[in-house]
Amino acid sequence: MRGPYTDPSVYVAPSEAPPSRRPPITSVGPLGWLRANLFSSKINSAATILMGALVVWFLWGFLSWSVRSAQWGVIYHNLRLVTSGLYDRREIWRMELVAGILTLLSGLGLGVWGRVSRGVFIAVLVILLILVVVPVLAARVPEPTIYLLVEPQRAPSDFVFVGLRGQEASFAFDPLTDAQDTDERLLGFVENQSRTEWAIRAAEARAGDLDLGQYNLAVTLRLLDRQGKPLTPQAGSAPGDFAGGPAGGTLSYTLPADGWYVLEVRRDDSVNGAAGDNAGYAWIRVQGVETFASQEAAAQARAEQFGAPPAVERALFADENSYRFEGARSVAEFFSLQVAPLFSRIAMPCFVGALLFFNGWVIGVLGKREKAVRRAVLGGWILSAPAILIILRGFEGSRALPLVPTSVWGGLLLTILLTVVGIVASFPLGVALALGRRSELPAIKWTCTLFIETVRGVPLITILFMAKQIVPFFWSALSGLDLTIRMMIGVTLFSAVYLAENVRGGLQIIPHGQIEAARALGLNPPLTMTLIVLPQALRAVIPAIVGQFISLFKDTSLVAVVGLFELVGIVDRIVSGQTIYRPYQREAYIVIAVIYFVISYAMSDVSRRLEQSGAGSIRRL
Amino acid sequence: MAETNASEPIIRCHAVNKWFGNFHVLKDVDLDVMPQEVVVIIGPSGSGKSTFIRCINRLEEHQEGQIIVDGIELSHDVRNIAAIRSEIGMVFQQFNLFPHLTVLDNVALAPRYVRRQPRRTAEEIALQLLERVGIPEQARKYPGQLSGGQQQRVAIARALAMQPKIMLFDEPTSALDPEMIKEVLDVMKQLAQSGMTMLVVTHEMGFAREVADRIVLFDEGRIVEMGTPEHFFTNPQHERTKLFLSQIL
Ligand SMILES: Nc1ncnc2c1ncn2[C@@H]1O[C@H](COP(=O)(O)OP(=O)(O)OP(=O)(O)O)[C@@H](O)[C@H]1O
Ligand SMILES: [Mg+2]
């Protein structure tokens with residue numbers, strides 16, 4: 001008998017397939033992934049290394065600035081302004097209530113309609129952990145060293161602090177001694193802080209155009225108690241005052257009781273003779289006192305404990321940013337000075353929010369199969385919109401919910417409100433315009449086309465100005481409407497026409513066979529549209545629509561030009577209106593950028609999920 | 001609605017004329033179809049077969065002549081059109097399933113929204129129909145996940161879900177690979193045996209020979225020859241018919 005391979009022109013596979021083997025080690029696992037994706041060719045490797053280096057360089061620069069010298073206090077001192085603008089301080093609980101309602105509903109919605117990936121779940125857990133653990137850890141970081149700067153241009157301020165009995169407070173007077181010292185320690189700090197006036201002088205000094213070089217500053221330091229009486233010299237110990245010249249020195253004192261103290265700083269002109277001669281820069285390094293590290297709450301708690309802080313002419317509190325320098329902070333100090341105060345403010349709301357969200361999610365998942373639960377959640381979402389507006393606005397003359405006019409709404413609240421109203425209102429309007437433009441009735445078709453093209457041809461900012469000024473002029477009914485609502489209308493119209501064009505694109509790609517099939521089944525035109533055409537058309541343009549909504553979200557910042565303070569507007573007001581925050585524009589705008597980015601990214605992520613889910617079934621109730 | 005009478009034609013077409021612009025597509029078409037009859041329409045491409053059967057459920061409008069379906073004359077009256085469309089099921093060459101709905105929803109959609117059946121009833125009936133066309137296990141899938149033959153069978157089930165008295169098929173197997181054609185034809189045969197009135201445009205001569213009660217040959221918008229399969233395949237009269245059959249067989 002001939003074997004299967006004897007004839008070279010015929011090949012017959014052996015009857016049993018060979019067993020499957022494992023792939024070679026270089027093509028699977030993390031190593032294989034790296035090889036296949038990042039280092040697949042010489043060019044690819046070079047690109048990977050180059051881009052990696054760029055990213056590392058950028059991150060390193062940003063992180064070291066952020067840890068060592070950035071002052072994030074500009075945001076967390078002003079959290080209320082940033083989140084709600086000039087919304088009445090006493091009514092802020094309504095904002096919290098609304099946020100609570102929304103998180104609960106989001107949780108319910110996610111539970112009922114969404115499929116949560118494990119990744120999201122883990123991310124939420126990690127965030128929770130950070131929120132709880134970081135403040136606890138931060139409490140264990142030792143008190144940081146504070147540096148006060150004494151400048152020739154200003155009368156030195158008095159430093160107000162809380163000391164504890166038996167603790168040794170020490171104040172090291174450390175004048176700058178020569179040009180190099182100034183260059184390294186002062187100019188570096190000045191540039192870090194980006195205070196404009198100083199930064200200019202620093203640049204001049206670097207260039208040799210300006211001599212900062214007078215190095216004979218002499219001061220007297222005096223410790224006062226809360227009533228302003230100097231502390232008496234202790235038996236056998238250091239006195240409560242100190243006179244220091246260019247050589248520097250230290251004032252140490254063991255504090256006699258818990259409570260407020262003042263360190264009085266005076267320029268000592270007697271040392272050098274002529275008053276104008278006594279000039280130069282110096283640091284005063286403060287140790288052994290309680291620093292509040294910018295925590296308003298802590299300062300308030302101390303005020304309750306020890307009475308109001310002593311009144312001095314030019315008070316400098318440990319929690320005030322203006323003339324305090326924390327030195328180049330260590331990582332530990334970064335946490336206790338910058339991170340902890342922020343977390344201490346947001347931990348509680350975040351925790352309650354997470355709890356609500358999680359509860360909602362559990363209820364949602366458990367009740368998914370119950371029609372009643374699904375109905376209730378949907379009803380909740382629908383009802384929430386008017387309810388929220390009523391809660392936030394209140395009524396004229398009501399005692400429980402007094403009126404808070406929309407003109408004072410601001411910050412993130414206003415940004416989100418404009419966005420949500422814009423989305424919710426422009427979606428149906430946009431779809432209607434798109435259908436109208438394809439209508440078979442010429443009157444409707446032409447009206448819609450004219451409207452779309454007109455609004456599309458005008459910049460948003462013009463529309464906003466029109467909504468503010470021109471329209472009410474022609475149409476007196478509108479002049480009674482308040483500005484915020486007029487802006488909502490402007491934003492909505494603008495968004496709707498772009499949406500209409502996107503939707504029209506989607507409608508065009510639906511094959512005619514779909515409509516014929518629906519007709520042949522006996523579906524009437526409205527049913528054909530809502531059940532067959534629109535679901536497919538909208539799904540096809542989800543990315544474009546979400547892109548549209550994201551730009552709507554970002555464009556709301558334009559309402560600042562007509563005098564409403566949404567997120568960007570209010571932050572601009574903080575950094576340009578309050579002197580002590582002026583040096584910290586960098587920090588402020590970085591935080592804004594992060595907020596915008598996080599929300600925009602969340603929106604595009606939701607859109608990606610929507611595209612992938614199912615084959616786009618309209619979810620049933 | 002008139003009671004279906006077994007001796008009365010369920011579809012009557014009398015002197016039907018239709019133009020696309022200046023182009024005369026249908027020329028004086030006369031055709032009566034009896035209840036439970038299976039009529040197969042054949043003819044060269046562009047001869048107006050699709051246009052004709054699409055006139056019967058008014059996906060196209062004829063300009064002259066009369067079409068009476070189950071005692072209702074097709075006119076501009078919207079209520080008439082709605083009534084007639086729910087009497088007639090249609091299966092397309094390109095399936096035209098709704099890609100955003102599951103197979104089950106595709107089938108249950110029209111009964112739920114046109115007949116206003118409760119969802120549960122509609123889905124039960126849909127499942128029975130899917131069983132009848134042989135694919136109950138695909139109910140939860142989306143059309144894109146099925147083979148062509150399976151999709152066409154879903155399309156048949158979808159048309160049947162409205163419990164039509166008449167089924168129109170426009171080249172139901174032309175877009176299918178050869179091995180899938182049989183499964184669709186089998187479903188159609190079974191449907192014919194159950195007594196459904198069917199109008200089928202097809203090039204499947206085997207099906208025509210086996211199932212058709214009558215074969216109609218279209219050419220240039222008119223009926224050229226009409227008769228039983230036996231007549232057609234053994235004794236065609238018209239020159240055009242002979243030519244057509246010689247090309248196709
Ligand atoms: N909407 C339309 N507008 C203009 N002409 C059309 C239209 N639909 C079809 N026609 C023309 O009418 C004629 C008949 O078309 P029909 O689709 O009925 O042919 P058919 O017999 O079904 O052909 P096939 O076997 O290729 O499907 C063709 O010449 C076609 O070009
Ligand atoms: Mg055709």
Side-chain angles (χ1 to χ4, degrees), chain A residues 113 115 368-372 374-375 378 431 439-441 503 505-545 607 609-621, chain B residues 50 53-54 56-60 78-79 81-116 119 123 140-146 154-155 158-164 166-170 175:
Chain A
W113 296 307
R115 273 161 281 177
K368 210 183 221 165
R369 310 240 166 270
E370 301 293 329
K371 201 170 194 168
R374 290 200 301 261
R375 284 259 160 93
L378 187 83
V431 171
S439 164
E440 282 159 13
L441 313 176
V503 172
L507 290 174
Q508 266 162 0
I509 64 165
I510 303 303
H512 198 62
Q514 291 287 308
I515 299 168
E516 283 185 349
R519 294 270 163 81
L521 284 171
L523 295 174
N524 58 21
L527 280 179
T528 306
M529 193 45 83
T530 49
L531 294 176
I532 308 299
V533 179
L534 273 183
Q536 295 184 58
L538 292 180
R539 148 162 307 263
V541 294
I542 284 176
I545 291 182
S607 112
R609 271 160 211 275
L610 269 180
E611 281 166 59
Q612 285 160 4
S613 69
S617 53
I618 351 160
R619 295 235 170 246
R620 278 180 257 93
L621 290 179
Chain B
S50 301
I53 66 166
R54 286 156 60 85
I56 291 172
N57 69 349
R58 212 165 172 86
L59 287 179
E60 305 282 1
V78 182
R79 278 165 304 169
I81 298 173
I84 279 163
R85 281 189 180 147
S86 58
E87 301 282 304
I88 305 177
M90 182 152 186
V91 176
F92 301 84
Q93 180 176 354
Q94 298 300 340
F95 323 141
N96 291 343
L97 292 179
F98 305 130
H100 61 300
L101 301 177
T102 61
V103 165
L104 192 67
D105 290 334
N106 262 282
V107 180
L109 183 82
R112 278 180 66 196
Y113 288 96
V114 180
R115 294 242 192 275
R116 307 210 162 275
R119 178 165 157 215
E123 288 190 347
R140 302 279 164 200
K141 288 194 183 163
Y142 287 92
Q145 297 166 302
L146 304 185
V154 174
R158 179 178 70 176
L160 290 176
M162 288 293 282
Q163 292 165 327
I166 303 162
M167 287 282 284
L168 307 177
F169 292 83
D170 189 358

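Proteins come first, then strands; the chains are lettered A, B, ... in the order of their sequence lines, and each starts at number 1. In what follows, every heavy atom counts, from backbone to side chain, and hydrogens, waters and symmetry copies are set aside.
Scored by the side-chain hydrogen bond (donor to acceptor under 3.5 Å, both in side chains) test, Ser50(B) finds Asp170(B) as partners (sequence neighbours excluded). By the salt bridge (charged side-chain N to carboxylate O under 4.0 Å, His left out) test, Arg369(A) is found to be paired with no residue, residues two or more places apart in sequence or in another chain being considered.
Side-chain contact check for Val107(B) versus Glu123(B): every heavy-atom pair is 4.5 Å or farther apart. Counting heavy atoms from C-beta outward, Ile56(B) and Ile166(B) have side chains that stay 4.5 Å or more apart.
In this structure a side-chain-to-backbone donor-acceptor pair under 3.5 Å is present from His100(B) to Leu531(A). Without hydrogens or angle criteria, Arg115(B) side chain to Ser86(B) main chain gives a donor-acceptor distance under 3.5 Å.
Between chain A and the options Arg85(B), Arg58(B), Arg158(B), Met162(B), the largest number of non-hydrogen pairs under 4.5 Å is found for Arg85(B).
Only the side chain of Leu527(A) comes within less than 4.5 Å of a heavy atom of chain B; its backbone N, CA, C and O stay farther away. For Phe98(B), the parts sitting under 4.5 Å from any heavy atom of chain A are the backbone and the side chain alike. Neither the backbone nor the side chain of Leu168(B) has a heavy atom closer than 4.5 Å to any heavy atom of chain A. Using a 4.5 Å cut-off between heavy atoms, Ile88(B) touches chain A through its backbone atoms (N, CA, C, O) alone.
The salt bridge (Lys or Arg N to Asp or Glu O under 4.0 Å) contacts involving residues 513-535 of chain A comprise Glu516(A)-Arg54(B), where partners must be two or more places apart or lie in separate chains.
For a heavy-atom cut-off of 4.5 Å, chain B lies close to Gly513(A), Gln514(A) in residues 508-515 of chain A.
Residues Gly89(B) and Pro164(B) approach most closely at N-CB, 3.4 Å, considering heavy atoms.
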